[in-house]
Amino acid sequence: VLAGLGLLLSLLFPAAPGPPRPLRAAGPLSSRIASYQIAVELDPKLHRLHGHERLWWRNTRPTAAATLPFHLYLNAFKNTSSVFMREAARGEGRQVFPFGHPGWIDVRSIRSGARELRPAARIARCGEDDPAAGAANCPKDETIMDVPLPAPVAPGATAVLDLDFDAQLPEIFERTGYADRFHMVAQWFPKIGVYEGGPAGGDRWSCHAFHADSEFYADFGVYDVEITVPLDQVIAATGALVEARTLPGGKRLHRYRAEDVHDFAFAADPDFLVARTRFEDVEIALYYHAANQAGVDRELAVARHTLDFLGRFAFPYPYRALTIVEPTLLGLNAGGMEYPTLVTTAPMPPDLRGVHFFDELIAHEIGHQWWYGVIASDEFEEAWLDEGVNSYVTELVLADRFGEAATALDLGGLVASALEHERRTFARMPGLDALATPSWRFAPRHYWIVYNKTALALHTLEAYVGRAELQAALGAYARTAAFTHPHARDFYAAIASATGRDLAWFFHPVFETKGVLDYEVAEVRSEPASALLRRRGELALPIEVEARFADGTRRRTQWDGRDPQRQLIFDAQAPLVEATIDSLPLDIDHTNDGRRTEAWAGPAGRMFAGLVFWLQGLFSLVGP
Amino acid sequence: VIVAAARAFLAGLVRAVRRPRLLLFLYAVELGWSVLASLPFAGILLRVTARRPFADPLAHGLHLDVLGELFSRHRQLRDALADGAILGVAGWIVLSWFLVAGALGVLGDADAPPSQLARTFGRAAGRHAGAMARLALYNLLPLTLAILLGGVGAALGIAVSAGAGFWRRLCPIIGAAPGLVALAVAATAIDVARAMVSMEDAAPVVTRRVLVRAWKLALQRPRLIGIQVVGAAAWLLPALGYLVISWPHAFASSAAFALLVLLRQAFVAARLWARLATLDATLETLQAVRTGEARQLGI
């Protein structure tokens, strides 16, 4: 009766449509430890922000917290003393353009109730792992602010702080800042670190300096953000737009709400055009510039495909909005980045059909919504858990769309695979660091192995557990780890559990050591039929070898690879023609994975004839 | 102008085909030089792939991932390819000074019996190669400026055509048009200068003065530019035909690949034929100018 009455009342007095809900399912989906209410005004002429932030931080650990550390990321661009700029000077990071106008953040006030905490806050400190650390005159980094509290936050208690800040955006150097009229406002507000159980037991704050080769880590919460900008600005932001109203003085207020996310970013540009599409009940909005109109349909199609693929592979995208920001060419350094429910790409040349680099970029950034956004592992300390797993899955998305051999290129019969490209990139300097290295400790320009080596390692694991089984295990891991900040040990355990195998023999050497994998068929003899296998790298993974004989028969055998080399002697009726190792993706040299007894000039002959022809063409351009 | 130029070019084609030995000789030299420049690369490739099954897909077509792996593991392959291309082109530029001088000598001596062709070619090549080199050097600046003009124009065309579908394709072409016109004039001028040098059988030629005269002639007589344009079109036509026939197909089997090689060499020969016809038509037009037939011919 009550239900019927309720239905009648709802029909008679329908509720007014409320603001768009940011989640597709009922929340909360996470523990919502750090929530923010922020009011910020962007002055696009001075590229400056004036903001007020209220933070609710809940202590979910068993020990009290006496000090709250905050990231002040924009201070990375304040001067050349910052850890970030010193690392960038060594070639770390991904910047393309030289450093231009600096950026900074100044926290004017921190209040707990009526009590002002700003005077007691400590900002400048020596860099992490800095050889000069401890010296009084070490170069000072200002990307972390420690705020001692009047009273520790007890387990289960919530601290509420009010912060006033001003921030200057840098000319885009890496990820954030302005380029002409385009503003990418990311890592822009004082953001609390993560209080968690440490690897050696006890609780600790994970709040690292902003490193050139690192991305981010933060707790989930609710973000309610009011952005005030001049009327001409078009805004793209994390979360769902819940309110927009015009203010006196030619300004407009945009209020966004995002739930169960761990960061908030927005872009502003008066020249933005917007294209929208839907995938199920997710609204996809692409913010682009007129010059790139021709690429819009392709970008949106890749976005829908990625949401569909990852929804089936792992779990459905949990948010109602997905925003794609395409920066201008001058703002390119803000491209190729992920924030909760918002990704940045790059201006897409529309006529490069068959060249899949841009499709890969879009799929990769959207893929981050799962590994960085929802699963949210620590990108400072275990970057491969996001970047690497996402690289592996990006290749699956591309293979699903273009076919496995053509994930990088499919142009007039010429195909190339993104995985093979990753392998060649990795093979250039494969053994400098282990994957399980904190981001800032990688050798310069070696951080990129978190992308390619992880993807190659997971493709290699397919050879042992089966492709479908591994993908199912990764999906199971994703579902279990959603909103939990898993660590490497959780990943290993989840994959082992889902596949029902003890995989420590694989995970430890491949992920935790610098070992290189390289097998070679060093010698073959037709009679007596034999093959000499050699392990040239430190990694010893089991391999399979196939021998082919003159009478057409084939024989397969296994080698555990533990010894440096092994002689295979075949009891065969016919002479041996060739022996070939099943190439593993992680093997840095595939050219030596097989050997035949007789030389064959077929490949060289054909390439020779091709080169002669292309040189004839080149010559015809210069004479006679 | 274009019709008249096309007629002159067709006549050049006919005359060039009457000099099969010249065409064959130029083709053989180009082929031989390309083979020489490719040999170091091919030798190293043979050494690193002969016993490695990994490279076998290359016997059936261009396999980018296999090639990429070979290049990344064997640096000497990259070096041999780059060295072959750079030294090959540099050597070919020098050779072409002799070849164009010799070819113009043969084309200009219509009465020479076939048995005397080698001597005519050798004498003209020896006599005029230096002048051809100087001409190429002097004309480098206008050629470079024309290419830059075309490039900048195309870039501006791309910049101003933002967003619009039809204009997006047309604007870069419109932007590049002044550069293309300048390129046609510069290419005509050097061919005219080459022909003038070859016609001067007297004492050493002052090449700079010849080039200035050639530029004036090129600008005054549109038929000369027309011949160059028709020649370029005839040069491009077999290229397009080759692409249409070959591009989507793998030519994977040995028989198919043999067919592809024949097709490619036929295309190379057709390209050379078109080039000879352009030179011949330019030479004929200049001879007409010199003998006072220009007024009658309306050029």
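Scope of the values below: all heavy atoms of this structure, side chains included, with no hydrogens, waters or symmetry mates. Source: prediction; values computed, not measured.
- Taking the six-membered ring for Trp and thresholds of 30 and 60 degrees, Trp600(A) and His60(B) have ring planes inclined between 30 and 60 degrees apart.
- Here Glu523(A) does not pair with Arg51(B) in a salt bridge; the nearest charged N to carboxylate O distance is not below 4.0 Å.
- Residue Thr49(B) touches chain A through both its backbone and its side chain, counting heavy-atom pairs closer than 4.5 Å.
- Note: Asp56(B) leads Ile93(B), Asp56(B), Leu70(B), Leu260(B) in heavy-atom pairs under 4.5 Å with chain A.
- Between chain B and the residues Leu273(A), Leu618(A), Leu414(A), the most heavy-atom pairs under 4.5 angstrom are made by Leu414(A).
- Taking the six-membered ring where tryptophan is involved, the planes of Tyr242(B) and Trp614(A) are perpendicular, since the angle between them exceeds 60° and thus also 30°.
- Under 4.0 Å is where a charged nitrogen must lie from a carboxylate oxygen, and between Arg424(A) and Asp65(B) at least one such pair does.
- Taking every heavy atom of both residues into account, Phe54(B) and His590(A) meet most closely at CD1-O, 3.5 Å.
- Atom NE2 of His421(A) is surrounded by 12 or fewer heavy atoms from other residues, nucleotides or ligands within 6.0 Å.
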Report task. Give the C-alpha distance, both sets of side-chain angles, the deciding distance and a yes or no for salt bridge (Lys or Arg N to Asp or Glu O under 4.0 Å) between Arg52(B) and Glu520(A). Result -> CA-CA 11 Å; Arg52(B) 294 295 188 188; Glu520(A) 178 190 21; 3.2 Å; yes
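- Across Ala55(B), Gly61(B), Ala85(B), Pro57(B), the residue that shares the most heavy-atom pairs under 4.5 angstrom with chain A is Gly61(B).
- Interface remark: Thr597(A) contributes backbone atoms only to the contact with chain B (heavy atom separation under 4.5 Å).
- Between Leu64(B) and Val415(A) the shortest heavy-atom distance is CB-O, 3.7 Å.
- Closest non-hydrogen pair, Pro624(A) versus Ser96(B), comes out as CA-CB, 3.5 Å.
- Applying a 4.5 Å heavy-atom cutoff, the residues of residues 97-108 of chain B that approach chain A are Leu99(B), Val100(B).
- Atom CD of Glu598(A) has 12 or fewer heavy atoms from other residues, nucleotides or ligands within 6.0 Å.
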Result block: side-chain N/O donor-acceptor pairs under 3.5 angstrom for residues 34-42 of chain B, not counting sequence neighbours:
unit_1	atom_1	unit_2	atom_2	d
Ser34(B)	OG	Glu30(B)	O	2.8
Ser38(B)	OG	Ser34(B)	O	2.7

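- Within a 6.0 Å radius of CD in Glu404(A), other residues, nucleotides and ligands contribute 12 heavy atoms or fewer.
- At least one side-chain heavy atom of Trp235(B) sits less than 4.5 Å from a side-chain heavy atom of Leu621(A).
- The neighbour count for Arg75(B) CZ, taken as heavy atoms of other residues, nucleotides or ligands under 6.0 Å away, does not exceed 12.
- Within a 6.0 Å radius of CZ in Arg555(A), other residues, nucleotides and ligands contribute more than 12 heavy atoms.
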Table please: side-chain donor-acceptor pairs of residues 266-273 of chain B below 3.5 Å, with sequence neighbours left out.
unit_1	atom_1	unit_2	atom_2	d
Arg271(B)	NH2	Gln616(A)	O	3.3
Trp273(B)	NE1	Leu13(B)	O	3.0

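- Proximity of Leu45(B) to Phe608(A): side-chain heavy atoms (C-beta onward) are nowhere separated by under 4.5 Å.
- Scanning both residues, Glu578(A) and Pro53(B), for their nearest heavy atoms gives OE1-CG, 3.7 Å.
- Across Ser417(A), Ala408(A), Ala601(A), the residue that shares the most heavy-atom pairs under 4.5 angstrom with chain B is Ser417(A).
- Using a 4.5 Å cut-off between heavy atoms, His63(B) makes no contact with chain A at all.
- Distance check: Leu67(B) CG to Met607(A) CE gives 6.0 Å after rounding to the nearest 0.5 Å.
- Residue with the most contacts toward chain B among Asp593(A), Val296(A), Asn592(A): Asn592(A) (heavy-atom pairs, distance under 4.5 Å).
- Contacts with chain B were tallied for Ala416(A), Gly413(A), Gly610(A); Ala416(A) has the most, counting heavy-atom pairs under 4.5 Å.
- In this structure, Asp83(B) has no salt bridge (Lys or Arg N to Asp or Glu O under 4.0 Å) partners at least two apart in sequence or on a different chain.
- Salt bridge Arg423(A)/Glu69(B): present, at least one basic N to carboxylate O contact under 4.0 Å.
- Heavy-atom minimum distance, Ala609(A) versus Phe257(B): CB-CZ, 3.6 Å.
- Residue contact with chain B, scored on non-hydrogen atoms closer than 4.5 Å, involves the side chain of Thr580(A) exclusively.
- Interface residue Leu411(A): only backbone heavy atoms are found under 4.5 Å from chain B.
- What you find for Arg73(B) and Ala427(A) is that their closest heavy atoms are NH1-CB, 3.6 Å.
- Interface remark: of the candidates Pro603(A), Gly594(A), Ala604(A), Pro603(A) forms the most heavy-atom pairs closer than 4.5 Å to chain B.
- The candidate with the highest count of non-hydrogen atom pairs below 4.5 Å against chain A, out of Arg264(B), Arg275(B), His249(B), is Arg264(B).
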